[in-house]
Trainee: 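Quick one: this structure, given as structure tokens, is what I'll be asking you about.
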Amino acid sequence: MLLDAPGRPLRAADIPTPVPGQGQVLLRVHACGVCRTDLHVADGELPRPALPLVLGHEIVGTVVACGPGCGRFGPGERVGVPWLGWTCGSCRYCLSGRENLCPEARFTGYHLSGGYAEHTVADERFCFPIPEGYPDLQAAPLLCAGLIGYRSLLAAGDAERLGLYGFGAAAHIVAQVARHQGRRVFAFTRPGDGPAQTFARDLGAEWAGPSDADAPEELDAAIIFAPVGALVPAALRAVAPGGTVVCAGIHMSRIPEMPYDLLWHERVLRSVANLTRRDGEEFLRLAPAAGVRTAVQPYALERAGEALAHLRGGEVRGAAVLVPAVG
Ligand SMILES: [Zn+2]
Ligand SMILES: [Zn+2]
């Protein structure tokens, strides 16, 4: 499925099967999660995508061929491909454990061809083995929703009372990890979205309500997954002195002007960007240990546009996942 230009619908196209280059593996794609970032790319909210582009950065596939210099994975192995697709390895960020901030980084389904396809290639150094016990579809959302959620949870520190703003693919995974760690979870959804609130309670949130409501008590941290700038002052208002608000999205609408009082008393406002390979290794060990189960809505690959529309409309419970026809 090709994106010819931002704002244009995705189009089914026959393109040559990619040939794996140095250090790359060729994968047959079994499943690819649909992430909000894909919407931001498709809408032109992120600069300079590599057009025409195959979106998708939550790829589960099996290796069918290895390029020169490969050795980490062999044919038949099941691997996952995340958003971080390549880094320079030599800048001050790469050399200090912060490859997520590498200015030369290339991202899957943005600068590099992604997983809305039957085949893709990926640099094997940035792929992960998929934990056993997760079928392909259920594994796909771990690769971005899970990873970014995990990095956001780390950024939230040891907060006991955790607010989650936007209860989509990432929050539904983080809520389970947070409960496993003994935290208390408070879920904020779009006003009127009763089903999302029920979904959040089912996954262990002790309270779920609309994002324009007050939390039932002070929070120690909040993670904002929804790309809505107005949630920043709302979340700062909800956290106690010393609390942290983490913005987890790659794009957000403008943050309204706000009084300094909301930040005063050592409240912290920060973002989380991308992932490191270390995040991936840690999280993919933690997810099975924490008993994380993902809820997925499968779509045939050629219905990618519909999946994006449903994500935009808040109609996806858990994560949308594309499945190429077997053949
Ligand atoms: Zn670098
Ligand atoms: Zn993503």
Side-chain angles (χ1 to χ4, degrees), residues 1 3 23 29 31-43 45-46 49-50 53-60 80-116 120 122-123 125-128 137 139-153 155 166-174 223-227 246-252 271-280 283-284 287 294 296-297 299 304 307-308 310-312 316 318-322:
M1 298 299 294
L3 176 72
V29 177
C32 184
V34 177
C35 175
R36 182 163 292 281
T37 296
D38 303 342
L39 266 184
H40 294 315
V41 175
D43 289 348
E45 287 163 338
L46 301 182
L53 177 67
V54 179
L55 294 167
H57 56 269
E58 299 183 284
I59 307 168
V60 177
V81 185
W83 170 245
L84 186 72
W86 186 88
T87 55
C88 81
S90 57
C91 71
R92 64 168 59 230
Y93 298 103
C94 284
L95 293 175
S96 60
R98 297 178 293 162
E99 63 183 359
N100 59 311
L101 300 178
C102 174
E104 304 296 318
R106 293 178 205 158
F107 298 107
T108 311
Y110 181 30
H111 309 117
L112 306 168
S113 198
Y116 287 18
T120 193
D123 185 322
R125 298 171 300 166
F126 292 84
C127 298
F128 300 112
L137 267 79
L142 300 177
L143 290 161
C144 184
L147 282 180
I148 294 297
Y150 173 67
R151 190 171 175 86
S152 303
L153 190 60
F167 206 85
H172 101 284
I173 295 173
V174 170
I223 305 172
I224 303 177
F225 292 111
V246 181
C247 300
I250 194 168
H251 172 85
M252 192 177 242
S271 66
V272 149
N274 312 318
L275 68 136
T276 66
R277 283 173 279 182
R278 184 176 161 183
D279 294 331
F283 174 68
L284 292 173
T294 58
V296 299
Q297 282 188 22
Y299 293 79
L308 286 171
H310 288 173
L311 180 60
R312 187 193 305 283
V316 177
V321 178
L322 302 179

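From a predicted model like this one, the values you see are computed outputs, not experimental measurements. For ligands, and for the atoms within them, numbers begin at 1 and follow the listed sequence. We count residues from 1, following the sequence as given.
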Trainee: Please check if the side chain of Gln297 supplies one atom and the backbone of Val316 the other of a donor-acceptor pair under 3.5 Å.
Mentor: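 Side chain of Gln297 to backbone of Val316: no pair is present.
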Trainee: For side-chain hydrogen bond (donor to acceptor under 3.5 Å, both in side chains), just list the numbers for Arg278 and Thr276, CA-CA rounded to whole Å, side-chain angles, deciding distance to a tenth of an Å, and then say yes or no.
Mentor: CA-CA 5 Å; Arg278 184 176 161 183; Thr276 66; over 6 Å; no
Trainee: Would the distance check show the side chain of Thr87 and the main-chain N or O of Ala105 forming a donor-acceptor pair, the cut-off being under 3.5 Å?
Mentor: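 Checked: no pair found.
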Trainee: So, using side-chain hydrogen bond (donor to acceptor under 3.5 Å, both in side chains) as the criterion, who are the partners of Asp123 when residues are at least two apart?
Mentor: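 Testing Asp123 for side-chain hydrogen bond (donor to acceptor under 3.5 Å, both in side chains), a comparison that skips the adjacent residues, returns Arg125.
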Trainee: Supply the atom-to-atom distance Leu101 CG to Ser96 OG, rounded to the nearest 0.5 angstrom.
Mentor: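 Nearest 0.5 Å value for the CG-OG distance: 8.0 Å.
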Trainee: Check the Zn ion (ligand 2) and write out every protein N, O or S atom at under 2.8 Å, as residue and atom.
Mentor: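 Within the sphere that stays under 2.8 Å of the Zn ion (ligand 2), the protein atoms of type N, O or S are Cys35 SG, His57 NE2, Cys144 SG.
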Trainee: Quick one: CG on Asp279 to CG on Asn100, what's the gap to the nearest 0.5 Å?
Mentor: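 Reported value, rounded in 0.5 Å steps: 7.0 Å.
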Trainee: Quick check: does any side chain N or O of Thr120 sit under 3.5 Å from a backbone N or O of Gly114, one acting as donor and the other as acceptor?
Mentor: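 Judged by distance alone, yes, a pair lies under 3.5 Å.
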Trainee: Which residues satisfy the side-chain hydrogen bond (donor to acceptor under 3.5 Å, both in side chains) test with Ser90, sequence neighbours excluded?
Mentor: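 Per chain and number, Ser90 pairs via side-chain hydrogen bond (donor to acceptor under 3.5 Å, both in side chains) with no residue.
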Trainee: Using a cut-off of 2.8 Å, how many protein N, O or S atoms sit around the Zn ion (ligand 1)?
Mentor: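 Protein heteroatoms (N, O, S) closer than 2.8 Å to the Zn ion (ligand 1) number 4.
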Trainee: How long is the gap from CD1 on Ile148 to CH2 on Trp83, to the nearest 0.5 Å?
Mentor: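 Rounded to the nearest 0.5 Å, the CD1-CH2 separation comes to 9.0 Å.
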